[in-house]
Number of protein chains: 2
Amino acid sequence: MPTDEEGRPRPAARRQGETSRDDAASRLRAAGLRVTAPRVGVLVALECESHADADTVARHVRSSLGAVSTQAVYDVLHALTEAGLLRRIEPAGSAARYETRVGDNHHHMICRSCGVIVDVDCSGEAPCLAPAHTHGFALDEAEVTFWGLCPDCRQ
Amino acid sequence: MPTDEEGRPRPAARRQGETSRDDAASRLRAAGLRVTAPRVGVLVALECESHADADTVARHVRSSLGAVSTQAVYDVLHALTEAGLLRRIEPAGSAARYETRVGDNHHHMICRSCGVIVDVDCSGEAPCLAPAHTHGFALDEAEVTFWGLCPDCRQ
DNA sequence: CGCTTATCTGGAACGAGTCAAGTAAACGTC
DNA sequence: GACGTTTACTTGACTCGTTCCAGATAAGCG
């Protein structure tokens, strides 16, 4: 069993769910959170389908766990975001979305047509925290969103 | 405020807003839009208080024009944005905001504490349209939002 | 096993924004 | 300056995503 300490999304999750479930559980424990089925389910769902909104996560979780209340989903999303296990993004014109990739300040590329969201590595160094004038602000984050058309929507 | 002798907000509003009113009217005409009191009011309001949300704009407009329906404000904001006279921004965790500065792709700096929004010039050239990998996307805009604490909220 | 914390049921409420149908106003034309 | 078409505005109900509000039940962990 590959115990992946640093929460990197593992590409090869053979025996679907099994490994990522264990992984999710240990991440929860590491964050000092109780391990419950809904919490594990939310993490697994977002690993399988990143950048999903609350409703999509709920449906995903329900399809594998059965009945899970909407409030529980919101509670879990909130708690995990608070604990740093999830990152919440709010693209203009859509509901809040969540992703498991945390700890790095990567950015997003969004298709104006179909709305698909793709991760983009923070390109180098310069752009990421350097406005021309800070006007006295103490900045802690530079959020970059690229807008355009995805390959499928370009034809 | 420039109260009109007659109760009506007619062309007797000759004071501070005079120039910007005329200017707003000509901008509307130039865009091929009809010149109506709510539209002029919205433009003037946003010139006076940039980055305001729909509700703030509505209150501002009402204080100078009297009764204006909420729907009209939304319609106007939508129409003017469509026509390119306004730019709409949707910072995470707040309602949509509007600004009259259009035509350049400047960015924003937002205070996490008080929510104030400050314009930031697009610093140079490089950062503004260059992710490391485009993954086949046809990009048309790079939106940058800087988050931090404003001078007033830093103490 | 018991204490603590999470989740459930189910509702109500919220702000932001939209839809729909009728009324009023702007502007080119006479 | 009045007319009539087109466009804008009013009114009011409504959707959507999200949060809050209990009290009751269930589950995790020491």
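Only heavy atoms go into these numbers, but all of them, side chains included; no hydrogens, no water, no symmetry mates.
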Novice: Between B:Glu82 (CD) and C:dT18 (C1'), how many Å, whole number?
Specialist: 15 Å
Novice: Any donor-acceptor pair, under 3.5 Å, between the side chain of B:Gln71 and the base of C:dC19, if you only look at N and O atoms?
Specialist: yes
Novice: Using a heavy-atom cut-off of 4.0 Å across all strands, would you classify B:Ala79 as base, sugar-phosphate, or nothing?
Specialist: nothing
Novice: Apply the side-chain hydrogen bond (donor to acceptor under 3.5 Å, both in side chains) test between A:His51 and each candidate in A:Glu99, A:Arg97, A:Arg101; give the one that qualifies.
Specialist: A:Glu99
Novice: Select base, sugar-phosphate, or nothing to describe what B:Ala37 touches, counting heavy atoms under 4.0 Å on all strands.
Specialist: nothing
Novice: With rounding to the nearest 0.5 angstrom, report the SG to NE2 distance, B:Cys48 to B:His60.
Specialist: 3.5 Å
Novice: Measure from CZ on A:Arg88 to C1' on D:dT18 and round the result to the nearest Å.
Specialist: 9 Å
Novice: Distance-only, no hydrogens or angles: does the A:Ser50 side chain make a donor-acceptor pair with backbone N or O of A:Glu47 under 3.5 Å?
Specialist: no
Novice: Could you state the CG-C1' distance from B:Leu80 to D:dC9, rounded to the nearest angstrom?
Specialist: 14 Å
Novice: Does B:Ala67 reach a base, just sugar-phosphate, or nothing at all? Heavy atoms under 4.0 Å.
Specialist: sugar-phosphate
Novice: In whole angstrom, what separates A:Asp75's CG from D:dA27's P?
Specialist: 17 Å
Novice: May I have the distance from A:Tyr74 (atom OH) to C:dC8 (atom C1'), rounded to whole angstrom?
Specialist: 17 Å
Novice: Mind checking A:Arg97 for me? I need base, sugar-phosphate or nothing, with any heavy atom below 4.0 Å counting as a touch.
Specialist: nothing
Novice: From the list D:dT10, D:dG17, C:dT7, which nucleotide is the closest neighbour of the side chain of A:Ala95?
Specialist: D:dG17
Novice: Need to verify one output field. Residue with the more 5' nearest nucleotide on DNA chain D, B:Ala72 or B:Arg34?
Specialist: B:Arg34
Novice: For B:Arg29 and B:Thr70, take the nucleotide of DNA chain C holding the closest heavy atom to each; which residue's nucleotide lies nearer the 5' end?
Specialist: B:Thr70
Novice: Determine whether B:Asp53 and B:Thr56 satisfy the following criterion, side chain to side chain donor-acceptor pair (under 3.5 Å), listing intermediate values before the conclusion.
Specialist: CA-CA 5 Å; B:Asp53 59 16; B:Thr56 303; 2.6 Å; yes
Novice: Which nucleotide in the set D:dT10, C:dG17, D:dA8 lies at the smallest distance from any side-chain heavy atom of B:Arg39?
Specialist: D:dA8
Novice: Would you say the side-chain atoms of A:Arg62 pair up with the backbone N or O of A:Ala67, donor to acceptor, closer than 3.5 Å?
Specialist: no
Novice: Ignoring the backbone of B:Ser69, work out which of D:dC9, D:dT10, C:dT7 is nearest its side chain.
Specialist: D:dT10
Novice: For the pair made of CZ in B:Arg62 and C1' in D:dC9, what is the distance, rounded to whole Å?
Specialist: 12 Å
Novice: If you check every side-chain atom of B:Thr36, which of D:dA8, D:dT18, C:dA6 has the closest atom?
Specialist: D:dA8
Novice: Heavy atoms from C-beta onward define the side chain here; which of D:dT18, D:dA8, D:dC9 lies closest to that of B:Leu33?
Specialist: D:dA8
Novice: Just how far, in rounded Å, is P of D:dG17 from CZ of A:Arg59?
Specialist: 10 Å
Novice: B:Asp55 has an atom CG; how far is it from atom P of C:dG15, in whole Å?
Specialist: 10 Å
